[in-house]
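Scope of the values below: all heavy atoms of this structure, side chains included, with no hydrogens, waters or symmetry mates. These figures come from a predicted structure and were not determined experimentally. Indexing begins at 1, ligand by ligand and atom by atom, following the structure's order.
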Amino acid sequence: MTIHIGAAPGDIAETVLMPGDPYRAKWAAETFLQDARLVNEVRGMLGYTGTWNGHRVTIQGSGMGMPSLSIYANELIRDFGAKTLIRIGSCGGMQDKVKVRDVILAMTASTVNSPSSGIFRELNFAPCADWGLLQAAAQAASKHGSATHIGGIYSSDVFYDERPDLNEQMVRHGILGVEMEAAELYTLAARHGCRALAVLTVSDHLGTGEALPSDQRERSFGDMVEIALEAAFS
Ligand code: HPA
């Protein structure tokens, strides 16, 4: 039991999927895991542990933004022994070739700032995904037939951003999409010798303003869960 995770020792699997939304954690656990049971409900940030094809898996909400994810990922790694952490979430598309519903596998995650920025001082650390997970997720995504993009994303501190000039530079430098958590997850995984990856569905597009209708979000989210599970245990 930690400050933010009420699970008993041994309740958390070494492999953890982390959606931002705790209700997505509930839905994914009930839909994809066998014998899923609730292991955390502190602050309503639901976490479930069950099995997938015989492998133990925890699906734990991270909340929105890097400060929130950082709390859960730190406790999962340091107190519960998590070794593989896969973010499953949505992002805003930033390139013309990236369409709503496409999947993005984040090879790197650029930031302006993160909870870890303080320790790097003048260094621009480059948070990157675990190569084995990335490769396995790319294979799983192609099997699913999802249109998939692999490359850099931007982990922003704000959803309602006021820096069109910054977005313009990122588009110019090939950044595929924007979300709010992956850079801190990758940095923590690097610090603690864990494997991390972000599997993202494009839910909206910054250029076109198109957005995924809510009735189609569930299916896209389901594809991501399957890609993440297949990657974790391939
Ligand atoms: N910005 C930041 N995070 C997001 C977005 C966005 O446009 N879409 C989904 N997550």
Side-chain angles (χ1 to χ4, degrees), residues 17-25 27-28 45 59-73 85-117 127-129 137 141 146-188 196-225 227-228:
L17 268 48
M18 302 187 77
D21 178 352
Y23 287 107
R24 291 284 188 198
W27 179 84
M45 197 56 77
I59 307 183
Q60 168 65 55
S62 70
M64 289 178 281
M66 290 183 275
S68 180
L69 175 131
S70 182
I71 289 169
Y72 295 101
L85 300 99
I86 305 182
R87 164 163 160 68
I88 43 177
S90 61
C91 71
M94 295 184 83
Q95 300 289 329
D96 289 344
K97 67 178 181 189
V98 172
K99 309 290 183 204
V100 165
R101 262 182 233 96
D102 287 0
V103 169
I104 293 179
L105 303 178
M107 187 151 66
T108 64
S110 300
T111 54
V112 171
N113 202 7
S114 84
S116 291
S117 298
C128 73
S146 323
T148 305
H149 308 269
I150 303 173
I153 62 157
Y154 170 46
S155 296
S156 176
D157 269 346
V158 285
F159 187 90
Y160 298 103
D161 90 287
E162 299 280 350
R163 287 288 305 275
D165 59 314
L166 197 56
N167 289 340
E168 198 180 302
Q169 288 305 334
M170 278 186 286
V171 172
R172 198 172 152 228
H173 288 84
I175 291 294
L176 298 169
V178 53
E179 51 82 85
M180 299 181 67
E181 292 83 14
E184 177 68 3
L185 179 65
Y186 288 5
T187 303
L188 289 172
L197 177 67
V199 180
L200 307 165
T201 296
V202 180
S203 61
D204 53 85
H205 199 287
L206 270 60
T208 63
E210 195 191 346
L212 195 58
S214 53
D215 61 326
Q216 292 183 25
R217 282 177 191 237
E218 200 157 278
R219 224 197 87 214
S220 302
F221 188 78
D223 287 345
M224 268 191 309
V225 178
I227 291 167

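Scanning the protein heavy atoms around atom 2 (C) of ligand 1, the nearest turns out to be Phe159 CD1, 3.7 Å. For atom 8 (N) of ligand 1, the closest heavy atom belonging to the protein is Asp204 OD2, 2.9 Å.
When every heavy atom of Val199 is checked against every heavy atom of Met224, the shortest pair comes out as O-SD, 3.2 Å. Closest approach of Val112 to Tyr154, counting heavy atoms only: CG2-OH, 3.6 Å.
Rounding to the nearest 0.5 Å gives a distance of 6.0 Å between CD1 of Ile88 and CD1 of Ile59. Ser146 contributes atom OG, which lies 9.0 Å from atom CG of Leu105 (distance to the nearest 0.5 angstrom). Atom OG of residue Ser90 and atom CD of residue Glu179 lie 8.5 Å apart, to the nearest 0.5 angstrom.
The pair Asp161-Arg163 does not meet the salt-bridge criterion, since no charged nitrogen lies less than 4.0 angstrom from a carboxylate oxygen. Ion pairing of Glu210 with Lys99 is absent here, as no side-chain N (NZ or NE/NH1/NH2) approaches a carboxylate O to less than 4.0 Å.
Distances between N or O atoms of Leu206 and those of ligand 1 include no value under 3.5 Å.
Listed by number with element, the atoms of ligand 1 under 4.0 Å from a non-hydrogen atom of Ser203 are 8 (N), 9 (C). Shown in contact with Glu179 at under 4.0 Å from a heavy atom are these atoms of ligand 1, numbered in order with element: 3 (N). In the vicinity of Gly92, heavy-atom distances shorter than 4.0 Å reach the ligand 1 atoms 5 (C), 7 (O), 8 (N), 9 (C). Every atom of ligand 1 with a heavy atom of Met180 under 4.0 Å away is listed here by number and element: 2 (C), 3 (N).
Using a 4.0 angstrom heavy-atom cutoff, Ser156 does not count as in contact with ligand 1.
Here the side chain of Gln60 pairs a donor or acceptor atom with the backbone of Met45 at under 3.5 angstrom.
With a 4.0 Å heavy-atom cut-off, ligand 1 is reached by the backbone of Ser90 and by its side chain too. Contact annotation: for Asp161 versus ligand 1, there are no heavy atoms closer than 4.0 Å.
Across the listed options Val178, Thr201, Leu200, Val178 owns the non-hydrogen atom lying nearest to atom 1 (N) of ligand 1.
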